[in-house]
Amino acid sequence: MEVKKIAEMTGTPESDEQIIQTDIMRYKRNSRAANFALLSLVFECFYFMVFYSFNNADFNTLTIGFSVVVNLCILLITMLAEEGIKNYNYNYSITLLVLAAVQIIRIFYYPLKIFKDSAYTTYFFFCGLSNVAFGIILIIFLVLGAACLVASAIFGYIQAKKLENFNKAIENGTISVDDALKRADAEEAQEVTNA
């Protein structure tokens with residue numbers, strides 16, 4: 001069968017070059033998806049540092065303790081999901097999407113509460129900020145973290161499914177990496193002799 005017909009039937013790469021590039025994925029980590037998950041950790045840490053620098057007695061309640069636990073859980077689960085998505089496990093894409101939803105939901109409690117209450121001035125890195133500016137900074141960190149989690153989930157899922165289909169095609173015998181390498185070598189040799 002032609003490579004193109006096999007590719008249409010199995011959802012696998014259609015050219016020899018694509019077959020070789022997809023085969024390389026079996027030996028490399030899914031770094032793009034993992035890097036987005038790590039970047040979301042950075043934004044979560046910024047949120048964590050900025051939010052808990054807010055010194056207001058009205059917010060020192062039991063819910064702050066719950067907020068700390070939620071932050072720590074998000075950090076730990078994101079680290080776990082980053083390791084899973086790095087190894088092409090598409091199940092962690094669901095975990096990352098759930099974490100992104102939690103990040104978006106969190107906007108509607110403390111950051112919005114701080115944003116609406118403009119009676120205080122907060123000092124952050126020795127700069128006086130109104131609560132509106134402080135709330136906006138918190139919302140930006142949460143939105144950026146959620147966006148990175150969604151990007152990580154999407155890239156991770158696409159690459160994991162691509163590799164899974166490729167591995168199935170190799171097991172079925174519809175794609176042969178050795179044949180693709182031989183054809184690529186033959187084409188390269190032909191180009192050298194023509195030049």
Side-chain angles (χ1 to χ4, degrees), residues 25-164:
M25 286 172 54
R26 296 193 301 168
Y27 308 102
K28 289 176 68 176
R29 303 282 188 196
N30 191 353
S31 60
R32 182 187 302 165
N35 289 340
F36 273 112
L38 287 174
L39 188 57
S40 77
L41 280 173
V42 170
F43 289 125
E44 177 63 24
C45 287
F46 283 154
Y47 172 82
F48 193 84
M49 291 184 308
V50 171
F51 178 65
Y52 296 111
S53 72
F54 185 66
N55 190 9
N56 185 341
D58 295 340
F59 288 95
N60 293 339
T61 62
L62 189 59
T63 54
I64 283 286
F66 180 71
S67 176
V68 170
V69 171
V70 168
N71 273 318
L72 293 175
C73 287
I74 286 174
L75 289 170
L76 292 173
I77 294 169
T78 303
M79 286 173 49
L80 173 69
E82 182 268 333
E83 283 299 315
I85 209 79
K86 188 192 305 184
N87 293 317
Y88 297 100
N89 187 342
Y90 60 84
N91 293 325
Y92 284 101
S93 294
I94 297 166
T95 306
L96 291 168
L97 290 175
V98 168
L99 288 172
V102 170
Q103 293 288 70
I104 296 298
I105 291 168
R106 291 172 65 199
I107 291 172
F108 298 102
Y109 192 67
Y110 278 121
L112 210 56
K113 204 176 199 182
I114 292 169
F115 181 79
K116 288 179 180 177
D117 187 7
S118 58
Y120 304 100
T121 300
T122 303
Y123 289 93
F124 182 66
F125 289 116
F126 308 107
C127 297
L129 292 174
S130 69
N131 282 14
V132 172
F134 196 72
I136 289 171
I137 290 170
L138 293 176
I139 290 169
I140 288 171
F141 285 147
L142 286 174
V143 168
L144 289 174
C148 288
L149 289 169
V150 169
S152 177
I154 290 169
F155 286 126
Y157 184 81
I158 290 170
Q159 293 296 92
K161 275 302 198 181
K162 181 178 179 181
L163 186 61
E164 182 183 57

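Across every non-hydrogen atom of P111 and R106, the tightest pair is CD-O, 3.3 Å. When every heavy atom of S40 is checked against every heavy atom of C148, the shortest pair comes out as CB-CB, 3.7 Å. Residues T95 and A81 share a closest heavy-atom pair of CG2-CB, 4.3 Å. The shortest non-hydrogen separation linking A160 to Y88 is CB-O, 3.3 Å. Closest non-hydrogen pair, Q103 versus A146, comes out as CB-CB, 3.9 Å.
In this structure, CD1 in I158 is found 10.0 Å from CG in N30, a value given to the nearest 0.5 Å. The CG atom of N91 lies 9.0 Å from the CD1 atom of I85; values are rounded to the nearest 0.5 Å. With values rounded to the nearest 0.5 angstrom, I140 atom CD1 is found 13.0 Å from F46 atom CZ. Rounding to the nearest 0.5 Å places CG of L76 at 9.0 Å from CG of L80. Separating the CG atom in L72 from the CD1 atom in I77 is a distance of 11.0 Å, to the nearest 0.5 Å. Rounded to the nearest 0.5 Å, atoms CZ (F141) and CD1 (I107) are 13.0 Å apart.
Side-chain contact check for F134 versus L138: some heavy-atom pair is nearer than 4.5 Å. Side-chain contact between F51 and I64 is present, with at least one heavy-atom pair separated by less than 4.5 Å. Within the 4.5 Å cutoff, side-chain heavy atoms of Y47 are placed close to those of N71. Residues L149 and L97 have side chains not in contact (no heavy-atom distance under 4.5 Å, counting atoms from C-beta outward). For the pair L41/L75, a side-chain contact is recorded, criterion being any heavy-atom separation below 4.5 Å from C-beta on. By the 4.5 Å heavy-atom criterion applied to side chains, E164 and K161 are counted as neighbours. A 4.5 Å side-chain heavy-atom check between L163 and Q159 finds every atom pair outside the cut-off. The shortest side-chain heavy-atom distance between L38 and N35 falls under the 4.5 Å cut-off.
The closest donor-acceptor contact from the side chain of S152 to the backbone of A34 lies at 3.5 Å or more, if one exists at all.
Within 6.0 Å of CZ on F43 lie more than 12 heavy atoms contributed by other residues, nucleotides or ligands.
Between the side chains of Y110 and T63, at least one donor N or O lies within less than 3.5 Å of an accepting N or O.
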